Structure formats: C-alpha cells, structure tokens
Asker: 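Before anything else, here's the structure in question.
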Amino acid sequence: MVTISRIRIKRFVGASIRWKILLAFFVIVGLSFAVAATNLTGLVRDYLFEQKTREDSLLTAKAAAAAAPFFDTADPEEIHRVLAENAQSMDGRLMLIDQDGKVQYDTMRDMSGRRLQMEEVLLVLTGSSEQAYGIHSPGEPGTSGMGGSDYNGQLAYSVHAMDGENGQIGALLFVSRIQSLMDSLGTVQLQLISVFVLIAIAALVLALIISQVVTKPITNLSRTMRKMGKGDLSVRVPVRGSGELRELAENYNTMAAHLERLDKTRSQFVSNASHELKTPLATMKIMLETVMYQPDMPAELRAEFMQDMNHEIDRLTGIITDLLTLTKMDSETGEMKKEPVDMSALTTEVIHHLRPVAEKRGQRMESNIVSDLVMPGDRDRLYQILYNLADNAIKYSPDGGRIAVSLRTEEDGLVWRVRDNGVGIPAEDQEHIFERFYRVDKARSRETGGTGLGLSIVKQLVTMHGGEITVHSEPGRGSEFKVVFPQGGTAS
Ligand SMILES: Nc1ncnc2c1ncn2[C@@H]1O[C@H](COP(=O)(O)OP(=O)(O)O)[C@@H](O)[C@H]1O
Ligand SMILES: [Mg+2]
C-alpha cells in the first residue's frame, strides 16, 4: 500500500505538465485567498469588538451614574429598580460591587454576597482606572456562572467606578453575552469560505483549460515522435497557435522533412548501388556460362570473353571504390586534412598521368599552369577532383579531340578549368550531373566504364574545400568545368 501510494505521488509529481500547472494554480489561489481571508476576518473582528467595547463602556458609565446616588444613600428598593431597568435595556447582567469587592446587588441575584476577584473589577476598585473592559472565554478563572446558568459562551465584562458624596463607593459590572457578535463573525467566515469554494472551482476549470491548451501541442508532438520512432517518417505535427510552441512544431516538422528526404535519398542510393553492382555480375555470369558450356569454343573467342569479363571486374572494382569514397566522406563530416598543397605541381602531375590515355585516342592535351600556386587542403582529394574532371573530358570527347586544363588565380580565387570539345551536356541534364548515379547517356557511359558517381564525388570534395564547381556546355561543341576555391593561394 505504502509503495503504491509513493509511486502514485512520484507519478503525479513527475509525470504531467498538466498536473503541475493545476497544482501551481491551486497553491497560488489558495495561498493568496488564505492571506486575504485572514486579514479580512481580523479586520471585521477588530471593528466589531471595538464597537462593542465603546457601546458597553458608555452604557455602563450611564448606569453607574444612575445607580450611584441610591447606593450612597443605601436605598435597596431604588437600586433594584434602577439596575433592573438598565439591565433589561442593556440586555445583560448588572452587579453592584462594594469597595471590598463583594457583590451587593445582582440583577440575576445568585451572585449576591460573593466576592469577585476578576482583574477588571480590581483595576477599578483599587482606583487605578475609572473603567475597565475585558472579554473572557468560559473556563477562565472567575467566569463560572457569570453568563447565567444556561449560557457557556464568551462574555464581555465592562466595569465602571461609582462615586458617592465622599469619593468612590464601589463599581458597577456589566456582563453581556457576545454570542451574536461571534455569530456574525462566523457568518462572515462562512461567506468567505463559500466565495473561496467558488473561486477554487473557477480556478480549477481555468487551470484545466489552460493546461489543456498548453499541453496539447506537446502531447501531439510526442505522439508524432513516437510514430516517427516506429519508422513512419511521413508524419507531421499540426502547426497551431503562436509563440514557442508553434516554433517547436515548425522546427520539428522541418527536421522530420529533412529526415524523410535523407531516408529517401539513402534508400534510393542503396537501390541504385545494388542495381549498378548487379548488372556487371549478370553480364559476367552469362559470359562465364557460355565459356563453361561450350568446351570446344575457339581459343580467340574464349580469350575475348575472358577479356570482357576482366573489363567487367574492373568496372565492379571502380564502382565499389567510388561507393567506398562516398560513404567515407559521408561519415567523416568536417575532419579533413588541411596542409599547404602545391596546386601547380599537382595539376602537372594529373596531366602527366592522363596524357598517355588521351594520346592513345589521338587527343591533344593542353595545359596552362601558373607556377607556385599553393592552397591549404587535402592533397589526395584535390588530386581526385582534377583527375575525375580530366578523365571525363577524355571519355566524353571523340578520338582526335582537344582537352585543355588550366590553373591560375582569378578575382574570385584559385581557379581550375577543364575544357573539351566533346559531346557536351544538354541543358536539362546539366543540373543533374552532380547527382549520384546520374548519367546523360547510360549506354555510352557504361561502355566507357563510368559509374555516374565521379561528379558527385567531385562536387562533395570541392565543397569540403570551401570551393564551388560550375559547368558550361553546349551539346556537340564541348564542355567546360570550372572549380573555384575562394580562399585559394593563401596557404597557412
Ligand atoms: N566532359 C563531359 N562532357 C560531356 N558529358 C560529361 C562530361 N563530364 C560528365 N559528363 C556527363 O555527366 C555524367 C556524370 O559524370 P560522372 O559523374 O563523372 O559519371 P561517369 O563519368 O561515371 O559516367 C556522365 O555520365 C556524362 O553523361
Ligand atoms: Mg566520370
């Protein structure tokens, strides 16, 4: 039982914003009301008591003055009459006390002859004060029977000195019930409590509404996140209201959209990659089976098949290398070598490596390299950029074509240009050639051993170096790829 309730409390405190808002509301409303109510009842009580004290004192003084002459002359008849009349109009009990503190006359009679020891009476009899006033609860010493036999509530005692011809002759005590006063106080308190209950109910309703408004977007968000966590990336949160919660919903949706896009690209990439890998494998299988099931195949034909298979294996290796390069770049964001690279030497080296390939096809490879240009970066990756571009230029130019590579500084930074007079790229394809696996002419590209990954790798490498790549091309006339490194030449 104990643990259950403790768990419940923990849940209550820890679980829901809604409950916290409700609780906060109640604490605030309850506390402020308690303070206000205490102050208010205090004020009312003070006011009522003060009024009562003033009234009683005045009446007692009057009665004392009226009775004094008869007490002085010891006229019991008259004293009785005066006291009885006054007691009735004052709605209380009057006692006449002599200087020794003994009750001489009592309108209720049963205290006659008794000696009163109460503070207020002593104060007046000893002459320290003309009058005294006090309120006493039942049970305090000297109070028993003072309110009459049938009453045991609080009593007010008002005492006033009585003066005769030769100075003070005693005191008059007026005892009155203050139940009606307490009752009005009770009424006030009761009214306050009912107001409090009303306010509390209103606060509860308001808190419920507010907490609903506040928590709804959060509940929505967490429901959506749960769905997304289970794999449904298409879900979005409704964007409503204003302020932080709206911003939260919008930001979340942006993130979700990004994730969805990423997920799509990724699965598309995987399916493209599998497809690319399957094609050479299928070709190889056919060729292999042909060789296997035709043992009497002429030797030259067999050699040709073997050569084709070798070519397919090269292609496979190329694709896998490119894929590995891409995934490696994807996983290591930001951490790239940054050392001074002699771009002039690097460009010369790329041309030196590719010139034989071009010459094999009767192509002319020209270069225009400004010497001693240095830039911070990753040498191997910069090499890969230019190699891929020059390799494309050779591949997509006819035999006997012309390829020009240049390196120099321009206004916007260090610039590489790779130009050819080859097939060119149609305008509608130009914006796509940097996408993974995109090829303008599938058959031709495959024939030349292309994977469609080269330019996407180039683009990523250029971006990693803070550069930009653009293409200008006219189908049938040739293409020019331009790479700009804005901070180029300022090697640290
Ligand atoms: N210099 C170029 N001239 C004409 N087309 C080109 C050139 N460079 C690239 N392309 C086109 O862009 C496509 C993508 O290039 P790339 O990513 O390097 O793939 P790949 O060379 O493996 O086919 C190529 O398939 C080709 O259609
Ligand atoms: Mg290529």
Side-chain angles (χ1 to χ4, degrees), residues 317-318 321-326 328-330 332-361 363-397 401-422 433-434 448-451 453-473 478-492:
T317 315
T321 312
D322 283 353
L323 284 175
L324 284 176
T325 310
L326 275 173
K328 201 170 154 225
M329 279 193 294
D330 280 348
E332 52 173 69
T333 40
E335 41 180 287
M336 189 194 70
K337 261 197 267 176
K338 264 212 162 152
E339 51 195 19
V341 177
D342 184 340
M343 297 290 278
S344 309
L346 187 144
T347 311
T348 312
E349 197 182 315
V350 172
I351 289 169
H352 180 73
H353 276 149
L354 280 173
R355 184 162 276 143
V357 183
E359 277 171 357
K360 227 190 246 174
R361 299 188 49 202
Q363 293 167 333
R364 201 143 48 91
M365 199 156 194
E366 295 165 0
S367 62
N368 186 353
I369 306 164
V370 173
S371 51
D372 297 328
L373 291 181
V374 178
M375 173 188 122
D378 183 325
R379 192 176 197 283
D380 291 346
R381 287 171 167 173
L382 288 167
Y383 183 95
Q384 209 174 350
I385 294 172
L386 187 63
Y387 187 94
N388 270 321
L389 292 177
D391 179 54
N392 278 349
I394 295 170
K395 273 199 315 195
Y396 300 106
S397 297
R402 220 187 71 201
I403 290 124
V405 177
S406 73
L407 170 74
R408 55 182 178 159
T409 42
E410 291 181 16
E411 263 174 42
D412 33 4
L414 197 75
V415 178
W416 257 333
R417 284 174 203 275
V418 180
R419 206 174 62 235
D420 63 62
N421 62 348
I433 53 172
F434 298 103
T448 55
T451 59
L453 290 171
L455 283 182
S456 67
I457 293 174
V458 166
K459 168 122 187 172
Q460 210 159 336
L461 292 175
V462 169
T463 312
M464 279 167 84
H465 282 86
E468 227 176 291
I469 182 165
T470 47
V471 60
H472 281 280
S473 182
S479 322
E480 184 185 82
F481 284 83
K482 179 186 174 196
V483 181
V484 181
F485 297 107
Q487 89 284 37
T490 56
S492 49

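Only this structure's heavy atoms are used, side chains among them; waters, hydrogens and symmetry mates stay out. If you're wondering where the values come from, they're calculated on a predicted model, not measured in any experiment.
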Asker: Could you state the interatomic distance from CD1 (I394) to CG (L389), rounded to the nearest 0.5 Å?
Answerer: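 These two atoms lie 11.5 Å from each other.
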Asker: Got a second to check how far L373's CG is from L346's CG, nearest 0.5 Å?
Answerer: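 Going from CG on L373 over to CG on L346, the span is 11.5 Å.
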Asker: Of all heavy-atom pairs between W416 and L382, which one has the smallest distance, and what is that distance?
Answerer: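 Of all heavy-atom pairs spanning W416 and L382, the closest is CH2-O, 3.4 Å.
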Asker: Closest heavy-atom contact between M375 and L414?
Answerer: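 Closest approach of M375 to L414: SD-CD2, 3.7 Å.
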Asker: Please report the C-alpha distance between R419 and R402 in whole Å, then the side-chain angles of each, then the deciding distance to 0.1 Å, and finally whether the side chain to side chain contact (heavy atoms under 4.5 Å, CB included) criterion is met.
Answerer: CA-CA 8 Å; R419 206 174 62 235; R402 220 187 71 201; 3.5 Å; yes
Asker: Of all heavy-atom pairs between V418 and A393, which one has the smallest distance, and what is that distance?
Answerer: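 So the two residues come closest at CG1-CB, 3.9 Å.
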Asker: So, for G377 and V341, which heavy atoms are closest and what is the spacing to 0.1 Å?
Answerer: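 Looks like O-CG2, 3.5 Å.
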Asker: How long is the straight-line distance from CE of M343 back to OG1 of T409, given to the nearest 0.5 Å?
Answerer: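 Result: 11.5 Å between the selected atoms.
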Asker: For V374 versus P340, what's the shortest heavy-atom pair and its separation?
Answerer: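 Residues V374 and P340, closest heavy atoms: CG1-CB, 3.8 Å.
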Asker: Working to the nearest 0.5 Å, report the span between OG1 of T347 and OH of Y383.
Answerer: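 Here the rounded value is 11.0 Å.
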Asker: Can you tell me if S344 uses its side chain to pair, donor with acceptor, with the backbone of V370 under 3.5 Å?
Answerer: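 The answer is yes, because a donor-acceptor pair under 3.5 Å joins these two groups.
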Asker: Do you know which two heavy atoms are closest between A358 and M365, and how far apart they sit?
Answerer: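 Heavy-atom minimum between the residues: CB-SD, 4.3 Å.
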Asker: Would you find a donor on one side and an acceptor on the other, under 3.5 Å apart, between the side chain of S473 and the backbone of G478?
Answerer: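 Yes.
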Asker: Determine whether Q384 and D380 make a side-chain contact, defined as any pair of heavy atoms from C-beta on separated by less than 4.5 Å.
Answerer: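 Result no, sub-4.5 Å side-chain heavy-atom pair not found.
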Asker: Between R417 and E480, is there a side-chain N and carboxylate O pair less than 4.0 Å apart?
Answerer: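 A salt bridge links R417 with E480.
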Asker: Nearest 0.5 Å, what's the OG1-CG distance between T348 and L407?
Answerer: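 Between atom OG1 of T348 and atom CG of L407 there are 8.5 Å.
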Asker: Examine distances only and state if a side-chain atom of R361 and a backbone atom of G401 form a donor-acceptor pair shorter than 3.5 Å.
Answerer: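 No; judged by distance alone, with no hydrogens or angles, the pair does not exist.
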Asker: Once you round to the nearest 0.5 Å, how far does NE2 of H353 lie from CG of L386?
Answerer: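 That separation rounds to 12.5 Å.
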Asker: Show me the donor-acceptor pairs, under 3.5 Å and distance only, between side chains in residues 454-469 and residues at least two apart or in other chains.
Answerer:
| residue | atom | partner | partner atom | Å |
| --- | --- | --- | --- | --- |
| S456 | OG | L453 | O | 2.8 |
| Q460 | OE1 | R436 | NH2 | 3.4 |
| Q460 | NE2 | D330 | OD1 | 3.1 |
| T463 | OG1 | K459 | O | 2.7 |
| H465 | ND1 | L461 | O | 3.0 |
| H465 | NE2 | D378 | N | 3.0 |

Asker: Is D412 reaching over with its side chain to a backbone N or O of P486, donor-acceptor style, under 3.5 angstrom?
Answerer: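 No: the side chain of D412 does not pair with the backbone of P486.
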